[in-house]
Amino acid sequence: MEIFKKLRGMRDILPEEIERWKKIENVFIEVSELFGFKEIRIPILENKYLFERGIGSNTDVVMKEMYEFKDKKGREIALRPEATASVVRAYIENQIYNKEKITRFYYYGPMFRYDRPQKGRYRQFYQFGIEILGGKHPFFDGESVQILDIAFKRLNIENFIFLINSLGCKNCKGKYIEEIKKYFLANINVLCEECKIRTEKNPLRVLDCKNNSCRAILNKIPSILDFLCIECKVHFENFVNFLERFDINYKINPKLVRGLDYYTKTVFEVVPEKEDIAIAGGGRYDNLVKEIGGPDIPAVGFAVGIDRIVPLIKEKENKNNEIIYFISLGERAKIKGFEIMKKLVEERIKVEMDYEDRSLKEYLKIANKTGKRWCIILGDNEIDRGIIILKDMKEGFQEEIKEEEMIEKIKERIK
RNA sequence: GUGAGUGUAGCUCAGCGGAUAGAGCACUGGACUGUGGCUCCAGGUGUCGGGGGUUCAAAUCCCCUCACUCACCCCA
């Protein structure tokens with residue numbers, strides 16, 4: 001018999017880990033909602049060209065990491081590699097810009113990229129993200145960063161830093177690209193193979209190449225920050241001032257470019273200190289809405305990699321100890337026991353029962369091993385006397401409780 | 001897509017040409033008949049990832065393949 005195994009890059013998240021996931025999700029949802037964000041749920045499948053147009057057809061994400069296929073009618077479909085393009089599509093399709101000036105969305109769900117799996121990287125991974133549509137003021141950028149900062153701190157993640165940069169608008173970004181392209185062409189023989197291609201297709205990407213010979217010539221390259229037009233420059237300064245004013249731990253990195261084409265002006269990444277894996281990333285995308293067929297509307301947002309946050313959360317509480325383990329001995333006790341169990345459930349008390357015929361000793365072993373603190377023991381003796389036994393596994397203490405007083409007493413004890 | 005490492009009991013691993021493949025933990029039963037954890041005793045733990053080759057002899061060496069892990073690329 002063939003044993004089926006999960007697909008490469010996929011994973012099962014088991015109950016003992018779920019508590020941490022839920023905690024993280026809830027913190028991000030809560031903080032976002034406090035800032036007036038509303039949830040949007042978008043499809044996992046989209047027209048493949050939405051991503052090509054939105055993210056950029058020369059990006060790695062689109063070129064080699066997209067799960068794509070044809071459906072039964074031959075339509076070109078892709079599993080979303082990220083959510084921004086979909087959110088913007090929904091924003092345009094539902095004409096939300098006609099309903100409000102500023103739209104604040106948050107989303108949460110699985111994304112798919114056909115990557116080689118490794119630490120903190122999966123083919124199905126989970127992102128929480130926000131998008132603010134309709135605002136061009138740098139404080140919207142600041143707000144995004146602020147939400148991340150508050151959420152991470154609430155999760156007791158302390159040692160992280162925001163790497164920030166500005167890519168400028170269409171004009172200054174374009175001028176800068178021209179400039180560095182000329183420079184790279186002049187030094188083309190020094191560049192690695194990859195970067196020779198990048199010089200043609202996406203010169204910005206050469207900036208964060210880790211190859212030594214490429215890095216050597218990058219030292220002499222002008223900073224993009226010196227190419228910003230007045231508007232972009234002021235925008236960036238205001239953004240930085242915001243970070244200063246609100247005590248955000250940040251560092252300007254003029255080489256930070258990011259792999260998605262739609263970014264303009266502000267870009268940022270959150271990196272835990274002493275690690276070079278980004279746990280969140282985002283920035284402004286003032287041209288994207290127009291690019292995929294909507295009106296000319298500026299926007300900013302971020303995405304957090306939940307898979308990468310989970311290992312940073314320490315606590316691992318055992319939630320099992322709040323479930324009462326109901327031990328019923330014999331057939332009579334099973335029926336009577338289920339009656340009692342139902343009453344407990346109606347009172348919102350967590351309880352579980354094992355209906356197999358086991359000895360009391362075995363039941364207690366199981367309770368102990370699975371970390372239960374409380375057991376209810378019910379056998380013929382107890383039924384005849386109209387009582388139940390409530391046992392505290394932790395203290396090794398047990399008491400007889402009259403059935404009529406049961407709910408009240410149990411609530412009191414297990415509180 | 002490129003490179004490196006690892007696949008042996010349910011788990012963590014040892015064994016690295018030689019006999020019937022081992023340890024700890026976990027598991028099952030008993031000492032203890034309706035009272036767990038501690039202790040002691042007894043016991044299954046196995047296609048040695050899969051296929052092929054070399055050899056008198058392969059878990060061990062070689063080739064192929066698959067899976068996992070890590071790194072590069074890129075990203076969350």
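Lettering follows sequence order; numbering is per chain, from 1.
Across all strands shown, A:Y363 has no heavy atoms under 4.0 Å from either base or sugar-phosphate atoms.
Comparing the P positions of B:A76 and B:A14 gives an interatomic distance of 38 Å, to the nearest angstrom. Here, B:C72 and B:G51 have their P atoms 35 Å apart, quoted to the whole Å. Comparing B:G17 with B:A71, their P atoms are spaced 32 Å from each other, to the whole Å. Comparing B:A26 with B:G37, their P atoms are spaced 12 Å from each other, to the whole Å. Between B:U28 and B:C62, the distance separating the two P atoms is 41 Å to the nearest Å.
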Report the C-alpha separation of A:E52 and A:S57 in whole Å, then their side-chain angles, then the decisive distance to 0.1 Å, and conclude whether the side-chain hydrogen bond (donor to acceptor under 3.5 Å, both in side chains) test is met.
CA-CA 5 Å; A:E52 281 205 7; A:S57 47; 5.3 Å; no
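The interatomic distance linking A:R8 (CZ) with B:U69 (P) rounds to 8 Å, in whole Å. The CD1 atom of A:I279 sits 20 Å away from the P atom of B:C74 (whole-angstrom rounding). Between the CE atom of A:M111 and the P atom of B:A76 there is a distance of 11 Å, given to the nearest Å. Between A:D115 atom CG and B:G1 atom P the separation is 12 Å, expressed in whole Å.
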Letter by letter from the 5' end, nucleotides 28-37 of chain B scores (B base, S sugar-phosphate only, - none; protein heavy atoms under 4.0 Å) ----B-BBBB
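Listed pair A:Q118 / B:A71 meets the phosphate criterion, a side-chain N or O lying under 4.0 Å from OP1 or OP2. At the phosphate of B:G3, neither OP1 nor OP2 sits under 4.0 Å from any side-chain N or O atom of A:R116.
Here the two rings, on A:Y106 and A:F128, have centers that are under 6.0 Å apart.
Checking A:S359 against A:K361 by side-chain atom types alone, no donor-acceptor pair falls below 3.5 Å.
Between A:I279 and A:P272 the shortest side-chain heavy-atom distance falls below 4.5 Å. Counting heavy atoms from C-beta on, the side chains of A:M66 and A:V61 never come closer than 4.5 Å.
The listed nucleotides are B:A71, B:A76, B:C74; the one nearest the side chain of A:R205 is B:C74.
A perpendicular orientation is assigned to the rings of A:F227 and A:Y176, their planes being inclined by more than 60° (bins at 30° and 60°). Ring planes of A:H137 and A:F140: perpendicular class, angle over 60° (limits at 30 and 60°).
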